[in-house]
Novice: 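Got a structure here, written out as structure tokens. Questions coming.
All ligand and atom numbering here is 1-based and tracks the order in the structure.
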Amino acid sequence: MKLSEIDATLREIRVSPVKTLGQNFLHDQNLARWIVDRAELTPEDYVVEIGPGLGALTQFALDSGALVLAIEKDRRLADFLCKRFTTDRFEILHADALDFDLRQLFAKPRVKLLGNLPYYISSQLLLKFTKYPSPISLWLLMLQKEMARRISASPGTSDYGALTLIVQLHYRVEYLRTVPASVFLPQPDVDSAFVRISPRAPDELPDYDAETFSRMVRRGFSQRRKQLRNLLREEVPNWKEAASVIGFDPRARAEELALKQWIALSNRTRSADLSVATQAGLERLPVVDDQDRLLGDAPRAEVHGNNLRHRAVHILVFNQLGELFLQKRSRWKDRHSRLWDSSAAGHVDAGEDYDVAANRELSEELGVAANLTRVAKLSASEKTGQEFIWLYQARHDGPFELARSEIECGEFFPTDVVSDWVKARPDDFAPGFVECWQVFGPGPSDVEALVPSA
Ligand code: SAM
């Protein structure tokens with residue numbers, strides 16, 4: 001919309017822009033088109049737009065053929081957009097974007113986030129919508145210039161800080177352009193900037209322990225002018241040696257260390273847990289025939305290398321809402337690393353039976369005990385990696401103590417989201433889970449019936 005059209009529309013729908021809702025409407029059509037072009041949208045994309053306002057960006061996103069879900073807090077604007085865009089590729093949600101349940105987006109094929117964010121909550125929105133792991137593949141955001149500079153900053157600059165590193169640990173941030181206040185009606189008090197955020201490639205950075213990293217970074221930047229050795233000496237034994245190996249001045253301040261140096265430093269702390277899973281050749285697994293009768297046992301590598309039939313357990317843990325806990329396998333797993341999987345799963349060891357293995361896996365991987373109920377047995381096949389699998393279910397609300405070497409993170413998901421997600425993006429999952437979920441195949445009400453009370 002041009003300036004005159006925005007003016008006329010606001011009068012027609014009797015809306016005067018609300019400052020406390022950050023209502024500054026973009027009237028530069030060329031800029032709006034340029035912003036949406038940066039998303040390289042196709043009809044395969046699912047766009048989530050935060051704060052569509054009068055639809056300045058929405059219009060161009062819809063022109064691409066993509067599906068658009070727009071989240072608008074102001075009912076008057078939501079009603080207006082509902083009338084303005086009548087295509088069934090457009091959905092308007094009258095809601096506060098801070099309350100939006102992101103988990104539903106995992107079930108969408110390819111999600112891109114677009115928004116000229118309301119500035120009064122832009123940092124909260126940014127942190128919420130970039131929380132790792134994220135179902136979003138690209139973020140295109142208009143922010144206050146100051147915030148855009150902070151998240152895209154380079155080492156040695158005054159904008160470089162804890163927020164920079166916490167965002168950049170998972171994402172690449174590009175500051176694409178500064179946007180003057182004059183392209184908005186009404187004009188905001190500050191200039192804006194447009195950034196593009198994209199996920200880092202899986203092996204782009206060395207291994208790190210995210211919790212230790214962010215604790216170190218926050219502490220390091222808590223007093224910017226202080227030398228790091230005075231803030232972190234307790235955490236890092238032998239500070240001088242660490243500085244020399246990592247390649248920074250032992251008297252450096254927080255802003256002088258680049259992302260990879262921060263990772264290296266946090267890996268030298270006493271608490272960093274980078275223990276690679278001890279899943280190598282020592283483990284012996286039972287080898288079975290096509291009826292699951294025991295033939296003997298063999299080292300794990302031989303079992304997998306020769307495609308021998310063996311045994312495994314999968315446990316599906318549901319909370320009181322009937323949501324399923326999924327784990328994301330760690331980067332250190334030699335098979336299916338970084339894929340989503342059953343709540344807990346693992347091999348039956350030599351000399352062990354299925355029930356014992358299931359209880360052991362639940363305790364080792366999630367750090368809890370629970371009543372386990374057998375659900376079904378899956379035959380060994382190519383799809384299960386030649387594993388006979390006993391599938392169990394349990395009820396537990398967490399919290400869990402995740403085995404960090406095995407599991408990167410985990411989360412409860414509504415079962416309909418899981419079903420849609422498996423359908424839309426089966427490659428996000430370890431194949432054994434896909435097989436188990438097909439057998440389990442619940443609708444939400446079935447889960448309630450199946451899950452035993454705690
Ligand atoms: N995208 C439009 C544009 O470029 O012209 C409007 C951008 S304006 C800066 C921010 C929009 O976010 C407004 O429409 C405002 O009503 C909406 N908004 C404010 N707070 C919100 C919230 N918590 N959740 C969703 N939308 C919100």
Novice: Looking only at distances, can you tell me whether any N or O atom of F25, backbone or side chain, sits closer than 3.5 Å to an N or O atom of ligand 1?
Specialist: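 The answer is no, given that F25 and ligand 1 share no N or O pair closer than 3.5 Å.
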
Novice: Test your reading of the model: is there a side-chain donor-acceptor pair from R253 to the backbone of R225, 3.5 Å cut-off?
Specialist: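 Checked: pair present.
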
Novice: Could you tell me whether F184 approaches ligand 1 through its side chain, its backbone, both or neither, with non-hydrogen atoms closer than 4.0 Å?
Specialist: neither

Novice: Check this for me, if you would: do E323 and R103 make a salt bridge, where the nitrogen-to-carboxylate-oxygen distance has to be below 4.0 angstrom?
Specialist: yes

Novice: What is the nearest protein non-hydrogen atom to atom 19 (C) of ligand 1, stated with its residue, atom name and distance?
Specialist: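 I find the closest protein heavy atom is L21 O, 3.0 Å.
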
Novice: Any N or O of L57 that comes nearer than 3.5 Å to an N or O of ligand 1?
Specialist: no

Novice: In Å, rounded to the nearest 0.5 Å, how long is the span from CG of D79 to NE2 of H94?
Specialist: 8.0 Å

Novice: By the side chain to side chain donor-acceptor pair (under 3.5 Å) test, which pairs, at least two apart or in different chains, include something from residues 150-162?
Specialist: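 Qualifying pairs, neighbours excluded: R149-D159.
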
Novice: For atom 5 (O) of ligand 1, what's the nearest protein heavy-atom neighbour? Residue, atom name and distance, please.
Specialist: L26 N, 2.8 Å

Novice: Which part of L98 is near ligand 1, with near meaning a heavy atom under 4.0 Å away: side chain, backbone, both or neither?
Specialist: neither

Novice: By number and element, which atoms of ligand 1 are closer than 4.0 Å to a non-hydrogen atom of G51?
Specialist: 1 (N), 2 (C), 6 (C), 7 (C), 11 (C), 12 (O), 17 (C), 26 (N)

Novice: Can you find an N/O atom of A97 closer than 3.5 Å to an N/O atom of ligand 1?
Specialist: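 In this structure, A97 places an N or O atom under 3.5 Å from an N or O of ligand 1.
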
Novice: So, taking the atom named CG in D209 and the one named CD1 in I263, what distance separates them when rounded to the nearest 0.5 Å?
Specialist: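 Going from the CG atom of D209 to the CD1 atom of I263 covers 11.0 Å.
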
Novice: Hey, does E72 come in under 3.5 Å of ligand 1, counting only N/O atoms on both sides?
Specialist: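 It does: an N or O of E72 is found under 3.5 Å from an N or O of ligand 1.
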
Novice: Need the ligand 1 atom indices (1-based, order shown) with element for anything under 4.0 Å from a heavy-atom of E49.
Specialist: 1 (N)

Novice: Starting from atom 23 (N) of ligand 1, which protein heavy atom do you reach first, and at what distance in Å?
Specialist: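 Here the nearest protein heavy atom works out to D96 OD1, 2.8 Å.
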
Novice: Do any heavy atoms of A95 fall under 4.0 Å from ligand 1?
Specialist: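 Flag set, A95 near ligand 1.
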
Novice: Return the CG to CG distance between L31 and D37, rounded to the nearest 0.5 Å.
Specialist: 11.0 Å

Novice: Taking only heavy atoms of Y120, which atoms of ligand 1 are found under 4.0 Å from at least one of them?
Specialist: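 Listed by number with element, the hits are 19 (C), 20 (N), 21 (C), 23 (N).
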
Novice: Of all the atoms in ligand 1, which lie at a distance below 4.0 Å from a heavy atom belonging to Q23?
Specialist: 13 (C), 15 (C), 16 (O)

Novice: Note the single closest protein heavy atom to atom 2 (C) of ligand 1, along with its residue, its atom name and the distance in Å.
Specialist: P52 O, 3.2 Å

Novice: Between R172 and E204, is the closest basic N to carboxylate O distance under 4.0 Å?
Specialist: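 Yes.
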
Novice: Using a 4.0 Å cutoff against the non-hydrogen atoms of G22, which atoms of ligand 1 qualify?
Specialist: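 Within the 4.0 Å cut-off of G22, ligand 1 contributes 8 (S), 9 (C), 10 (C).
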
Novice: Is the cationic atom of R89 (NZ for Lys, CZ for Arg) positioned less than 6.0 Å from the six-membered ring centroid of Y46 and within 45 degrees of its normal?
Specialist: no

Novice: What pairs of residues pass the side chain to side chain donor-acceptor pair (under 3.5 Å) test when at least one of them lies in residues 336-345, not counting sequence neighbours?
Specialist: D203-R338, H314-S342, R329-D341

Novice: Heavy-atom distances under 4.0 Å are what count here, so tell me which part of T58 touches ligand 1: side chain, backbone, both or neither.
Specialist: neither

Novice: Starting at CD of E49, measure out to CG of L81 and round the result to the nearest 0.5 Å.
Specialist: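 Atom-to-atom, E49:CD and L81:CG are 8.0 Å apart.
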
Novice: Provide the number and element of each atom of ligand 1 under 4.0 Å from a heavy atom of L77.
Specialist: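 Atoms satisfying the 4.0 Å criterion: 14 (O), 16 (O).
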
Novice: Of the side chain and backbone of A32, name the one, both, or neither that has a heavy atom under 4.0 Å from an atom of ligand 1.
Specialist: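 Neither part.
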
Novice: Relative to the heavy atoms of K73, which atoms of ligand 1 are at a distance of less than 4.0 Å?
Specialist: 21 (C), 22 (C), 23 (N), 24 (N), 25 (C), 26 (N), 27 (C)

Novice: Counting only heavy atoms from other residues, nucleotides and ligands, does the tally under 6.0 Å from CD of E174 exceed 12?
Specialist: yes

Novice: Can you check side chain to side chain donor-acceptor pair (under 3.5 Å) on D207 and W332, steps first, answer last?
Specialist: CA-CA 9 Å; D207 289 345; W332 298 299; 2.8 Å; yes

Novice: Hey, which atoms in ligand 1 end up nearer than 4.0 Å to a heavy atom of N24?
Specialist: 7 (C), 8 (S), 9 (C)

Novice: Which protein non-hydrogen atom lies closest to atom 3 (C) of ligand 1, naming both residue and atom, and how far is it?
Specialist: N116 ND2, 3.5 Å

Novice: How many angstroms lie between CZ in F400 and CG in D397, if you round to the nearest 0.5 Å?
Specialist: 7.5 Å

